Amino acid sequence: MNRLGSGPVGSAAAGQYRVCGNCRKVPRQEKRVQVSPPLTRGPSAFIPENEVMQANGLDERTNLLVEEYSTSGRLDNITQVMSIHTQYLESFLRSQFYMLRMDGPLPLPYRHYIAIMAAARHQCSYLINMHVDEFLKTGGIAEWLNGLEYIPQRLKNLNEINKLLAHRPWLITKEHIQKLVKTGENNWSLPELVHAVVLLAHYHALASFVFGSGINPERDLGTSNGVRLIAVNNFCVCDLANDNNIENASLTSSNFGIADSLSELEALMERMKRLQEDKEDEEASQEEMATRFEKEKKESLLVISGAFDDEIVSTDVSRYVEDPGFGYKDFARRGEDHLPTFRAQDYTWENHGFSLVNRLYSDIGHLLDEKFRMVYNLTYNTMATHEDVDTTTLRRALFNYVHCMYGIRYDDYDYGEVNQLLERSLKVYIKTVTCYPERTTKRMYDSYWRQFKHSEKVHVNLLLMEARMQAELLYALRAITRHLT
């Protein structure tokens with residue numbers, strides 16, 4: 001089933017989360033959609049509750065979407081934040097519902113267990129709890145929730161591709177695919193493997209959205225069918241409110257004032273205008289374009305989100321993680337020059353990935369394609385307080401910067417635009433949310449585009465999520481194609 005009906009744990013007390021026990025099975029009442037009561041102030045720790053409610057109004061359209069794509073009829077915090085952009089929400093829910101509930105190569109409990117394995121790579125206890133609940137509701141064997149050593153060998157065999165997809169998808173080769181589909185009792189058919197890969201990429205990317213948007217935990221049972229849910233250890237937990245207050249204080253006490261953020265906005269508008277005019281005047285040569293890509297790729301090495309020691313993974317999460325020390329390493333780092341750039345025109349989503357995924361797992365290609373297009377083209381022609389603005393260059397810079405960090409280059413794109421349009425604090429935020437989302441803080445979220453609306457920042461998170469998912473799929477599907485040829 002899809003995410004809508006399952007929330008994670010309840011209120012915080014000494015690291016454990018307990019709530020009353022009558023909210024998992026929601027009775028169908030006159031009001032069709034029950035909104036989960038939030039653990040702290042609203043669905044997001046980053047966005048004021050009234051702004052989420054004002055932006056989406058919990059309108060009839062959102063209610064109908066939840067009714068159609070949820071078996072519980074409950075509106076979770078992710079959906080509340082996403083419903084700021086209802087058009088996108090519909091594409092998202094339809095594709096996710098299809099992956100989790102509709103006919104497909106994988107049995108339902110497998111789908112939810114794979115979601116758990118994917119979310120665990122980023123310690124996203126919000127999503128883990130959601131799918132622990134769904135795994136059990138769809139007939140999953142409770143013993144599997146004790147950890148990876150309790151699951152069938154077939155599922156264990158996904159550990160390697162899960163790890164690579166989540167952190168360094170450029171390392172995936174046709175040999176990884178061959179190993180999974182080779183004949184034997186634990187082999188995967190290609191349709192099953194494509195379904196699994198789509199789920200893994202979806203939940204890695206969704207973890208980016210959860211952390212990037214500060215999604216709060218929801219009040220729910222501390223156990224699901226007798227299995228204790230994980231204490232939420234992300235920033236979402238209400239203890240983080242203290243940390244957020246400290247971060248807010250440090251931001252407001254800085255010398256950065258309203259006038260500065262307004263001039264920052266005006267400067268960005270001016271750069272967008274100038275880029276448009278320059279484009280009309282002259283085109284950069286292919287050589288120059290390639291040089292600009294290499295420069296941007298190498299500069300992304302310098303974008304770091306603070307010094308982090310190896311993160312400690314809680315036992316509750318680590319039971320679902322093999323090789324927890326394996327994480328993102330910059331594609332362009334020294335000593336790995338042998339890694340060739342993924343030239344997008346050699347293997348594109350439109351011409352290659354879409355048809356392969358659709359052939360092996362029918363219709364999912366259409367749903368994913370609609371979702372990618374929707375987020376890429378979504379615009380209200382506004383920027384902060386300005387109206388009638390063409391934001392195409394900005395949206396393209398955000399999407400292509402993510403792909404650049406993953407070593408994917410578009411020959412027809414001038415990467416000089418990325419440097420012109422994305423200032424450093426935004427690049428730090430993008431890299432953190434995309435590559436190690438569990439490190440995202442409210443301070444990072446607050447530090448860029450200070451004059452922009454929260455709805456615009458949610459749109460940024462949607463773009464980052466979809467760009468990341470597409471990058472993972474491109475590498476995995478290219479490896480499958482190479483295996484087939």
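Since the model is a prediction, treat every value here as computed from it, not as a measurement.
For Met383 against Glu456, the heavy-atom pair with the smallest separation is CA-OE2, 3.3 Å. Contact detail for Arg439 and Met444: the closest heavy-atom pair is O-CE, 3.7 Å. When all heavy atoms are compared, the tightest approach of Tyr415 to Asn400 is CE2-O, 4.1 Å. Minimum heavy-atom separation, Thr382 to Glu387: CG2-CG, 4.1 Å. Contact between Leu265 and Ala384 at its shortest, heavy atoms only, is CD2-CB, 3.6 Å. Closest of all the heavy-atom pairs between Ile408 and Ala344 is CG2-CB, 4.2 Å.
For the pair Leu206/Gln96, a side-chain contact is recorded, criterion being any heavy-atom separation below 4.5 Å from C-beta on.
In this structure, the separation between CZ on Phe46 and CZ on Phe211 is 9.5 Å, given to the nearest 0.5 Å. To the nearest 0.5 Å, the span separating CD1 on Ile78 from CG on Leu93 amounts to 10.0 Å. A distance of 11.0 Å separates CG in Asp369 from CD1 in Ile364, rounded to the nearest 0.5 Å. In this structure, Lys453 NZ and Ile47 CD1 are separated by 14.0 Å, a value rounded to the nearest 0.5 Å. Note that the CZ atom of Phe92 and the CZ atom of Phe97 stand 13.5 Å from one another [nearest 0.5 Å]. Atom OG of Ser425 sits about 10.5 Å away from atom CH2 of Trp449, to the nearest 0.5 Å.
Looking only at distances, a side-chain donor or acceptor of Arg121 sits under 3.5 Å from a matching main-chain atom of Phe326. Although no hydrogens or angles enter the test, the distance criterion places no donor-acceptor pair under 3.5 Å between the side chain of Arg396 and the main chain of Val418. Side-chain N or O atoms of Ser44 include one that pairs as donor or acceptor with a backbone N or O of Ser213 at under 3.5 Å. Tyr203 contributes no side-chain N or O that, together with a main-chain N or O of Ala120, makes up a donor-acceptor pair within less than 3.5 Å. Between the Asp133 side chain and the Met130 main chain, no donor and acceptor come within less than 3.5 Å of each other. When atom types are taken as modelled, the side chain of Arg111 and the backbone of Met99 share a donor-acceptor pair closer than 3.5 angstrom. In this structure a side-chain-to-backbone donor-acceptor pair under 3.5 Å is present from Asn77 to Asn216.
Taking the centre and axis of the six-membered ring of Phe452, the NZ or CZ atom of Lys457 falls outside the cone set by 45° and 6.0 Å. Figure legend: Lys431 and Tyr328 shown without cation-pi pairing, the cationic atom not lying both under 6.0 angstrom from the six-membered ring centre and within 45 degrees of its axis.
Defined by atom type and a distance below 3.5 Å, a donor-acceptor pair is missing between the side-chain atoms of Tyr110 and His195. Under the 3.5 Å distance criterion, with hydrogens and angles disregarded, no donor-acceptor pair is assigned to the side chains of Thr341 and Arg409. Counted by atom type alone, Ser447 and Arg443 present zero donor-acceptor pairs between their side chains at under 3.5 Å. Using a 3.5 Å distance cut-off with no hydrogens or angles, the side chains of His202 and Glu472 do not pair a donor with an acceptor. With hydrogens and angles left out, the side-chain atoms of His204 and Asn162 include a donor and acceptor closer than 3.5 Å.
A salt bridge links Glu466 with Lys371: the closest approach of a Lys/Arg side-chain nitrogen to an acidic carboxylate oxygen falls below 4.0 angstrom. The existence of a salt bridge linking Glu160 and Lys163 is confirmed by a sub-4.0 Å separation between a basic side-chain nitrogen and an acidic carboxylate oxygen.
Taking the six-membered ring where tryptophan is involved, the planes of Tyr320 and Tyr113 are perpendicular, since the angle between them exceeds 60° and thus also 30°.
The environment of Glu149 atom CD is dense: over 12 non-hydrogen atoms of other residues, nucleotides or ligands sit within 6.0 angstrom.
In summary, the aromatic rings of His85 and Tyr380 are positioned with their centroids under 6.0 Å apart.
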